Amino acid sequence: MSGFWENEYVQTAAYFSVVILCLVVFLAIFELVTKYRNWEEIKKGNIAVAMATGGKIFGIVNVFRHSISHHDTLFTMIGWGAYGFFLLLIGYFIFEFFTPKFKIDEEIENDNRAVGFISMMISISLSFVIGANIA
């Protein structure tokens, strides 16, 4: 039975499935910490929310990409991926803290595309820094 789990196709399917599940859970957590409802705003055509959410998706998946390439077991990969998500979440709060002249969530909800773009780029950029440090 151990040969089954060592098969490349089985491992790829396992990593893929787990990352999709983690992505859904982590996006739900982001949904809880933002003041707007991501999917409702995207449905209404809010480009700023789409960019910010897309950046979060890319950031989470990029962290998992690095985690998969550096770890042999599924559980270790999940642990590092969750840790990386936690760091992305902290980065989100730091971004909010360093912009005291306006509220990030309000600007994104109001379809301020410049703020949505910066939010997207911060998520993407931080994911590369986090990924580079996954051991």
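Predicted model only: the values in this text are computed from it and were never measured. Note: hydrogens, waters and symmetry copies are ignored here, and every other heavy atom, side chains too, is used.
The shortest non-hydrogen separation linking Leu88 to Ile60 is CD1-N, 3.7 Å. Closest approach of Ala52 and Ser119 over heavy atoms only: CB-OG, 3.7 Å. Nearest approach of Val33 to Asp105, heavy atoms of both residues: O-OD2, 3.9 Å. Among all heavy-atom pairs drawn from Gly55 and Ser123, the shortest one is O-CB, 3.3 Å. Minimum heavy-atom separation, Ile124 to Ser127: O-OG, 2.6 Å. For Glu41 against Glu109, the heavy-atom pair with the smallest separation is OE1-O, 3.7 Å.
At a threshold of 4.5 Å between side-chain heavy atoms, the hydrophobic network of Ile, Leu, Val, Met, Phe, Trp and Tyr places Ile90 and Phe97 in one connected group. No single ILVMFWY cluster, assembled from side-chain heavy atoms under 4.5 Å apart, contains both Phe16 and Val63. Both Tyr83 and Ile130 are assigned to one and the same hydrophobic cluster, defined by single-linkage of ILVMFWY side chains at heavy-atom distances under 4.5 Å. In terms of hydrophobic clustering, with Ile, Leu, Val, Met, Phe, Trp and Tyr side chains grouped at heavy-atom distances under 4.5 Å, Val115 and Phe93 are assigned to a common cluster. Placement of Val129 and Met121 in two distinct hydrophobic clusters is found when ILVMFWY residues are connected by side-chain heavy-atom separations under 4.5 Å, directly or transitively.
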message: Would Met77 and Tyr15 count as a side-chain contact (heavy atoms from CB on, under 4.5 Å) here? Give the steps.
response: CA-CA 9 Å; Met77 181 274 297; Tyr15 282 123; 3.3 Å; yes
query: Yes or no on side-chain contact (heavy atoms from CB on, under 4.5 Å) for Asp111 and Arg113, after CA distance, side-chain angles and deciding distance?
result: CA-CA 6 Å; Asp111 202 14; Arg113 294 173 188 181; 3.2 Å; yes
- prompt: Could you go step by step and tell me if Val25 and Phe85 meet the side-chain contact (heavy atoms from CB on, under 4.5 Å) rule?
  reply: CA-CA 11 Å; Val25 169; Phe85 165 74; over 6 Å; no
message: Test side-chain contact (heavy atoms from CB on, under 4.5 Å) on Thr53 and Trp39; report intermediate values, then the result.
response: CA-CA 9 Å; Thr53 303; Trp39 303 111; 4.0 Å; yes
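Checked against ring-ring contact (aromatic ring centres under 6.0 Å, His included), Phe64 has no partners two or more places apart in sequence or in another chain.
Put simply, CD1 on Ile104 and CD on Glu96 are 5.5 Å apart, with the number rounded to the nearest 0.5 Å. Rounded to the nearest 0.5 angstrom, Lys56 NZ and Phe26 CZ are separated by 14.5 Å. With values rounded to the nearest 0.5 angstrom, Asn62 atom CG is found 11.0 Å from Leu126 atom CG. A distance of 12.0 Å separates CZ of Arg37 from CD1 of Ile42, quoted to the nearest 0.5 Å. Within the model, atoms OG1 of Thr76 and CD1 of Ile134 stand 12.0 Å from one another, a figure rounded to the nearest 0.5 Å. Here the straight-line distance linking atom OG1 of Thr99 with atom CD1 of Ile94 works out to 12.0 Å at 0.5 Å rounding.
The aromatic rings of Phe128 and His66 sit perpendicular, their planes meeting at an angle over 60°, well past the 30° parallel limit.
Of the possible donor and acceptor atoms, one in the side chain of Asn46 sits under 3.5 Å from a partner among the backbone N and O of Ile108.
Side chains of Tyr36 and Asn110: no donor on one and acceptor on the other come within 3.5 Å.
When the shell of 6.0 Å around CZ of Phe117 is examined, it contains 12 or fewer heavy atoms from other residues, nucleotides or ligands.
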